[in-house]
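Below is one structure, written out as structure tokens; comments come after it.
Keep in mind that this is a model prediction, so the values were computed, not measured. By convention in this document, chain letters (A, B, ...) are assigned in the order of the sequence lines, proteins followed by strands, and residues within each chain are numbered from 1.
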Protein chains: 2
Amino acid sequence: MGNPDTRWLDDEEMRAWEGFLAAGALLNRRIEQQLKEEAGLSHPQYEILVRLDRAPGGELRMTELADTLLTSKSNLTYQVTQLEKSGLVRRRSCPTDVRGVFAVLTGEGRRRLEAAAPGHVALVRRLLIDVLSREQLTVLADGFGTVSRRLRDPSAD
Amino acid sequence: MGNPDTRWLDDEEMRAWEGFLAAGALLNRRIEQQLKEEAGLSHPQYEILVRLDRAPGGELRMTELADTLLTSKSNLTYQVTQLEKSGLVRRRSCPTDVRGVFAVLTGEGRRRLEAAAPGHVALVRRLLIDVLSREQLTVLADGFGTVSRRLRDPSAD
DNA sequence: AGCGCATGATTCGAATTTGAACAATCGCGT
DNA sequence: ACGCGATTGTTCAAATTCGAATCATGCGCT
């Protein structure tokens with residue numbers, strides 16, 4: 001069996017962990033809902049458009065996109081197909097590697113993103129960013145930075 | 001149309017927001033995976049068992065359970081059915097309200113939870129809690145406490 | 001050139017999640 | 001006691017997500 005005496009979470013630690021989970025669930029729900037009704041996009045879809053918009057040429061390889069989105073490749077295939085049906089993204093096969101596929105942001109995709117972004121940012125601001133002080137923001141950014149870095153890194157296993 | 005000049009997120013704000021999303025995604029992935037292979041439970045299922053275990057008598061009304069879990073009622077119906085098939089939870093109809101249903105933690109459910117908890121807590125500790133300083137934890141707990149409270153409260157709309 | 005393993009992306013089926021619609025019942029106000 | 005809007009939990013179909021398997025290709029090595 002495992003270690004007989006577990007180091008349970010104390011009150012503060014529990015508060016942090018459950019607060020994190022709760023905030024995540026609630027934030028996601030609101031964001032999903034707002035994005036859907038104001039721009040007709042799911043949060044995952046919005047994130048895809050954002051990554052593509054940032055990328056040079058407005059395009060990224062499927063795998064690269066999946067990596068930055070922290071999602072599975074099969075899921076990305078599905079979402080990109082949906083976005084393609086909506087005309088917001090198109091696929092382009094990679095010239096130097098027959099296996100490779102680029103997801104490319106279309107003009108309409110960019111327009112849709114630009115239409116969605118202000119409302120989305122305003123919501124994130126209202127629900128999270130503006131609720132916290134600058135000091136809190138810094139601490140969170142640092143903390144999550146560390147956590148994310150360790151999670152990506154196999155050594156932190 | 002919306003406000004023409006949006007207050008975009010500055011670097012620090014972006015770092016906090018994206019760090020939050022990334023940490024959430026990565027943490028969830030790991031937790032899901034570990035819980036599945038070490039205890040045969042999904043994270044949602046584990047959370048259900050935890051809430052029931054905390055509740056007096058090891059039972060809660062479906063709606064109440066759904067509320068604390070921040071999930072939809074239909075989803076809870078599904079999960080409880082799954083847990084019932086596994087023998088970890090059973091349903092009991094409410095004596096004072098014919099419509100009402102209690103989800104009750106079974107002996108086997110409690111055993112399974114007790115078997116899963118140490119590993120789960122250890123993982124949360126290793127990936128999140130122990131990575132942060134006590135000060136960071138406090139800020140996180142306070143910040144997300146506020147955020148969650150506002151998200152639940154319709155006035156914070 | 002040819003072998004063999006790693007990669008890139010999709011496909012497939014199963015599991016989960018969602019939201020709307022439903023049926024039954026409650027309980028408040030008259 | 002009655003009417004009726006609110007509540008409780010489930011059902012249903014559709015959308016999403018997951019992971020294993022697949023298929024085709026790239027690349028290093030001999």
Find which nucleotide of DNA chain D each of F102(B) and D97(A) is nearest to by heavy atoms, and output the residue with the more 5' nucleotide.
F102(B)
Which part of the nucleic acid does R29(A) contact within heavy-atom distance under 4.0 Å: base, sugar-phosphate only, or nothing?
nothing
For the residue pair F20(B) and F20(A), categorise the inter-ring angle as parallel (less than 30°), tilted (30 to 60°) or perpendicular (more than 60°).
perpendicular
Does dA15(D) have its OP1 or OP2 closer than 4.0 Å to a side-chain nitrogen or oxygen of Q82(A)?
no
Taking OH from Y78(A) and C1' from dT10(C), how many angstroms apart are they, rounded to a whole number?
15 Å
Proximity to the side chain of T71(B) - top-ranked nucleotide from dT25(C), dT17(C), dT18(C):
dT18(C)
Please state how far atom NZ in K36(A) lies from atom C1' in dG19(C), giving the value in whole angstrom units.
11 Å
Under 3.5 Å, is there an N or O donor on one side and an acceptor on the other linking the side chain of S74(A) and the base of dG19(D)?
yes
So which of R92(A), R90(A), E64(A) actually passes side chain to side chain contact (heavy atoms under 4.5 Å, CB included) with E59(A)?
R92(A)
Can you check whether L21(A) reaches E47(B) side chain to side chain, under 4.5 Å on heavy atoms?
yes
To the nearest 0.5 Å, what is the distance between OG1 (T138(A)) and CD (E13(B))?
9.5 Å
Which of these nucleotides, dA9(C), dT10(D), dT25(D), is closest to any side-chain atom of T63(A)?
dA9(C)
To the nearest Å, give me how far apart CD (E47(B)) and P (dT17(C)) are.
12 Å
Can a donor-acceptor pair be found, under 3.5 Å and without considering hydrogens, that links the side chain of S93(A) to the backbone of V101(A)?
no
In whole Å, what is the span from the CG atom of L70(A) to the P atom of dC18(D)?
11 Å
If you look at every strand shown and take non-hydrogen atoms under 4.0 Å, does T77(B) touch a base, only sugar-phosphate, or nothing?
base
What is the separation between atom CD on Q79(A) and atom P on dT10(C), rounded to the nearest whole Å?
13 Å
Length of the line joining L65(A):CG and dG8(C):C1', which is rounded to integer Å
13 Å
Atom pair distance, as rounded to whole Å: CE in M62(A) and P in dT11(C):
10 Å
Compare the minimum distances between each of dG26(D), dT8(D), dA9(C) and the side chain of K73(B), then state the nucleotide with the smallest one.
dT8(D)
Does the dT8(D) base have a donor-acceptor partner in the side chain of R99(B) within less than 3.5 Å?
no
Of the listed nucleotides dC18(D), dT18(C), dT10(D), the one nearest the side chain of N75(B)
dT18(C)
Between dG9(D) and R61(B), is there an OP1 or OP2 to side-chain N/O distance shorter than 4.0 Å?
yes
d(CG, N28(A); P, dT16(C)) in whole Å:
20 Å
